[in-house]
Amino acid sequence: MKTKDLNGKWNLRQLGERESIIAAVPGSVHNDLLSAGKIPHPYYRDNEGDLQWIGEADWIYYRTFTVSSNFLRHDRVILRFEGLDTLATITINSQKVARTDNMFRTYEYYVKEMLKQGRNTIEIRFDSAVNHVRKCELVRHLPIWKGPHDVKGGNWLRKEQCNFGWDWGPCLVTCGIWRPIRIIAYDSDRIADVHISQEHLKSGAVTLNITASLETVSADSMAVATVVVTLGGQKVTESKTSFSRGKAELALTIDNPQLWWPNGMGGQPLYTVTVNLVGKDGTVLDIVQKRIGLRTLRLQRKKDRWGETFQFVANGIPFFAKGANWIPVDTFAASPTKDDYRDLVESTAGANMNMLRVWGGGIYEADVFYDLCDEMGICVWQDLMFACATYPTFDEAFMENVRREVHDNVRRLRHHPSIALWCGNNEMEQGLVDDKWDDRHMSWTDYSRLFDSLIPETIKELDAERDYWPSSAHTPAPFRENFNDDRYGDAHLWHVWHGRRPFEWYRTSQHRFISEFGFQSFPHPKTVESYTQSADRNITSFVMEHHQRSPIGNTTIMTYMLDWFRMPKSFEMILWLSQVLQGMGIKYAVEHWRRNMPRTMGALYWQLNDCWPVASWSSIDYCHRFKALHYIAKRFFAPLLVSNVEDMEKGTISVYVTSDLQEPCDGRLLWKAFSLGGESLADDEQNLDILPGRSCRVRTISVKKYLKNRGTRDLILGIDLLVKGNSVSKDIVSFARPKHLELCRPDIKASFSKNKNRAAITLTAKAPALWVWLDLEGSDARFSNNFFHLLPGEPVEVTILTKDSIPLSEIQRKIRIRSLIDTYR
Ligand code: BMA
């Protein structure tokens, strides 16, 4: 088998124009125009508006390549595309190969007859997706709901839905060869597919049932499949078998398997399964390798006293799903690098998360994403790519196109141990389905054809071991219309933010699994700088509002902000304080749901990342700068969590300890009361037996006396949970909103040191300092902890993580240490 990749340098021109530019494959037309200096940066200020013409034009990618006579001597030559975005007409040496219309599919064509020895040309014309979807309404004779798109009708084309605009993303409709392209030449046969299923036996052993299928049935009797399983380069087991009717099936048992676990529950050992196709003369004709993890991972739904459980179970152990929603890493799907993916998935694991939901309005992610999730124990809730819109499922061609798309992606991804669930769509049951079609709805019958029949049936045939859930949010029949029922299924809780209820609303929720809820903030000031001029730096300027896509956007941030905090003194402080506000709100919600375990068994906030620089619900901004929420998430998702419920009327605090550990442990609870001037008023401590996998109230503290003496505005409690003498979780409680606390200048002192070659800083304060945050002026840095509270007599040490090593003296010069009081005073 020989492979020739056609990635790299291509030419690009607009249809009807002479001039061409150099293009990069994989890539997108926007990136190519930008690299050639033909357009300004689409993310800068409001350039987006002037660049709409790109999506309305047709584009031609072309290049030449040479093919040797040796290459052509093979029986078959295939042209393989892993991703074409989207309406592509492919021509080789002026002969039409095909026209494609699905960005999510893998396309292969036999092209031997079209190729010649020496120089060949390939041309791919991309028709404007914008013009195409505009015509759909006329052709279909059906009204189309605009949905969250800026360009109406994107739902009628199998293309990344948020590329038409979303309530956090720009409308920069692009096209191009977004994933690799190659030609492959071979004789006889090749492996078309390898499927590995696992049987976990009572004895603890795991049997792998492996099926290899050939592309054609012809080479049957000749070839054999040899299979080798390795772990860390060491052979674990092997076997071989011959093919019958194009299929080779064998079972291999691994006696002492090392199991794969979600992050925080154990390790992530990965076995490699190598399948060789060996010809009758002993030559290896084809090799397929899959990296797998041995585990069972199921969605468990069984009747209980509240309704029905909705919990994930790994290797027989139910666990609370902690994580966030994942959107495309960039508006231009071909742009993210492997390092971008690594950084984001590492940051997910680093924040004590164990699950990401790949949201249905984006893309089936790159292989590297799932590889990283496998390596770091991040379970993936995988939506299929349908979101917030109606789809023409009455159209047989559309249905067949979707069937193939599901087929391609399930086959590509099903060996990944991290994938926990296939989910049909995002939010379609949320008011988009009704008894008939109109400009906002599709009919239940048409909905069901796709999400209750075609998709689950295709998945069952290809990946029977994985669970399927039709929609997020979904409540199973007979309560289906109440998509957010608190007894069954998953829920999207937007009462806070879209519904503008106060954060306190979260504590009334008893839902089983919250797969979406969120609150917005502005990105890091440096990120804002990257898309604004100084005159734009006011949150109501045109450019700042342009980089905010939620219709209720900046006003809503400010409304909640002023409910909780004092008016910030500057633009920069509004940005920072919006992050504190977001972190506080999401912490409030997650702590409640973790206390509510086992009734609630999952909380995935909206959203982890951004696809361009924008005000949004993300915890990591487009430039990969952590917002306050990302630091705070690491603490509220910690395996052991101390949290508090204050009772204003009784003047008491109920202290809870939530454990995601599988073993019991001994803990110690400490609490201290302070005045805001820093005077210590009282303290106490007690030993605790912490039960595994449980959440318990461990203590009720009465602070009535201090409230009476000091009043609500001059009292703060620090609560600390220690295990083996180390603080594992901390919290503070006050009886007044932060804006009404009489904070004093905390007089924060910093001392610097080196910790394992990294700069470290130890902070102390004379008076309580809330949401202390560190930032390096002029450089980027991450911190082992940030946006934490500092209480008198309790130093906090923080490690400073910079990409390049920066001398300690420079760090000392550049470090900025601020806390809540600095936002207004
Ligand atoms: C949810 C998501 C997205 C949206 C987000 C914020 O409902 O599914 O469609 O971006 O809310 O509005």
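Order of appearance sets the numbers: ligands from 1, and atoms from 1 within every ligand. Being a predicted model, the structure only gives us computed values, none of them experimental.
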> My understanding is that only residues two or more places apart in sequence, or in another chain, count here; which of them pass side chain to side chain contact (heavy atoms under 4.5 Å, CB included) with V368?
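Testing V368 for side chain to side chain contact (heavy atoms under 4.5 Å, CB included), a comparison that skips the adjacent residues, returns K338, Y341, A366, L372.
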
> Using a threshold of 4.0 angstrom between heavy atoms of the protein and any atom of ligand 1, which residues qualify?
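Heavy-atom contacts below 4.0 Å: W166, D167, W168, W359, C388, N426, E427, W494, H498, E516, W606, W617.
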
> Got a sec, which residues hit side chain to side chain contact (heavy atoms under 4.5 Å, CB included) with H416, two or more places apart in sequence or on another chain?
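Testing H416 for side chain to side chain contact (heavy atoms under 4.5 Å, CB included), a comparison that skips the adjacent residues, returns Y370, D371, D374, L413, S418, I419.
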
> Test of understanding: with side-chain hydrogen bond (donor to acceptor under 3.5 Å, both in side chains), list the residues that count as partners of D46, not counting sequence neighbours.
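Partners of D46 under the side-chain hydrogen bond (donor to acceptor under 3.5 Å, both in side chains) test: none.
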
> Does R737 make a cation-pi contact with W564, if we ask for NZ or CZ under 6.0 Å from the ring centre and within 45° of the axis?
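Positive - R737 is close enough to the ring of W564 and near enough to its axis.
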
> Working to the nearest 0.5 angstrom, can you tell me the gap between F394 CZ and S443 OG?
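It is 9.0 Å, given to the nearest 0.5 Å.
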
> Does the structure place the NZ or CZ of R500 under 6.0 Å from the centre of the six-membered ring of Y560, at an angle of no more than 45° from the ring's axis?
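No, cation not above the ring by the 6.0 Å, 45° rule.
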
